[in-house]
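Right, one structure below, let's go through it.
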Amino acid sequence: MSLSKESEKEVKHLLRLVTRAFYAVPCALIMEVLLFHSVVYEEDMLKLTCMHRKVFRSYCNRLLEDRLIVAYTQKEDSPQYRMMTTTYFFVRWVEAIDAIKWKIHSLVKMVKDEVDQLSDPQGYVCPSCRTKYSLLDAASLLSEDKASFECSVCGDKLIEDDSGMEAQKGQEKLEKLMSQIEPIIESLKKIDNMKIEDNNFESSLVKAIPVSSSSVASYTVSSKVPRNGKPGGMSQSLQNAAQKSQATVHVSITADDEEMRQERESKEQKSETLKQNALPSWHMESTVGKSLLNGLGQEIPSVKKEATETGIEKPIKREESETDSGGRAGYSGSETAGSDATGPGTADTAEELDALEAYYAQLRANQDAEDEEDDEDLDDAMFEDDME
Ligand SMILES: [Zn+2]
């Protein structure tokens, strides 16, 4: 894909703004995965987003319908199974940008129309069906008692049209909307000045970051069946409409948006690093655990030795040894001071119990780590079964 670094950044920024402003969180999550990985196989997407297929599809369909993402399906040979149909998702930049332009244009137009309608010249309005009448029309609607006007549609008594107030409210609504979508329009304007070349499945694959080594999808263009990822993109008329929307959309510039983006990007980087670090953590824990265990194992006899030395052979040197070797010597010393016969014995038992407890704790930790590993294997197995 021949998207320059700068324009790529801007387009991704735009897509994040839009999905977070107009879509449910899972949609934003799906977009996030695609922006990072470039091309993602459906099954891998389910794994990454932790969604059930049904849920994923309902959210994914919204993005597909709005053309923010595209699906690409092909038949692939897989090592374990017969031919399988694989569906990949990716973002077609040009199409997504046009779709956003269109969406924003429609939204602004809708609110503007509403405001325009409200600010019609004053006259009379029916409180029931909201039909409006000019002063001229109203004259022919005089009621029988000539005290009021009646609606020609529903017969209700007309009241004076005070939509001036509503027009004011509509104007405020429009202003609010414009300020909310300002970052999006700002981004669209920047992108308009950039050269965004069209991409397809093949060119997106070049930039793809592998999702997992255990993926059953090939992440290559299959030679089996001609691809059906629709090329070409948005129709010319839609593109024209989108361009026109630039003229109707009115913007003022702020600097907030740059800061927001930087903040978000630094957050993303952090979470990426976290993800990378998180993967082998069980492994780390278990090795640390083993070395700890080894350390304990070596310590136990030396402690015993010290206890017998300080306790039996050199009982007088107790005070000195306390300062020399700290707690352990002091502990054994106090035991010998209490009783000759049981002193060293209970000391050993206590130490041994402590060590045993530590050993079991360590064993549990290791067991947990191994269980985690087993779970992962199990998941993979289930996943593979699921594929068939
Ligand atoms: Zn009426």
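When a ligand or atom number is given, it counts from 1 through the structure's own listing order.
- Checked against the 6.0 Å centroid criterion, the rings of Phe89 and Phe56 qualify as a close aromatic pair.
- Other residues, nucleotides and ligands contribute more than 12 heavy atoms inside 6.0 Å of the CD1 atom of Ile209.
- Note on the Zn ion (ligand 1): protein N, O or S atoms under 2.8 Å away count 4, no waters included.
- Within a 6.0 Å sphere centred on CD of Gln180, other residues, nucleotides and ligands contribute more than 12 heavy atoms.
- When the salt bridge (Lys or Arg N to Asp or Glu O under 4.0 Å) test is applied to Lys109, the partners found at least two apart in sequence or on another chain are Asp113.
- For Phe149 and Tyr124, the gap between ring centers is short of 6.0 Å.
- The main-chain N or O of Leu15 is found under 3.5 Å from a side-chain atom of Thr19 such that the two form a donor-acceptor pair.
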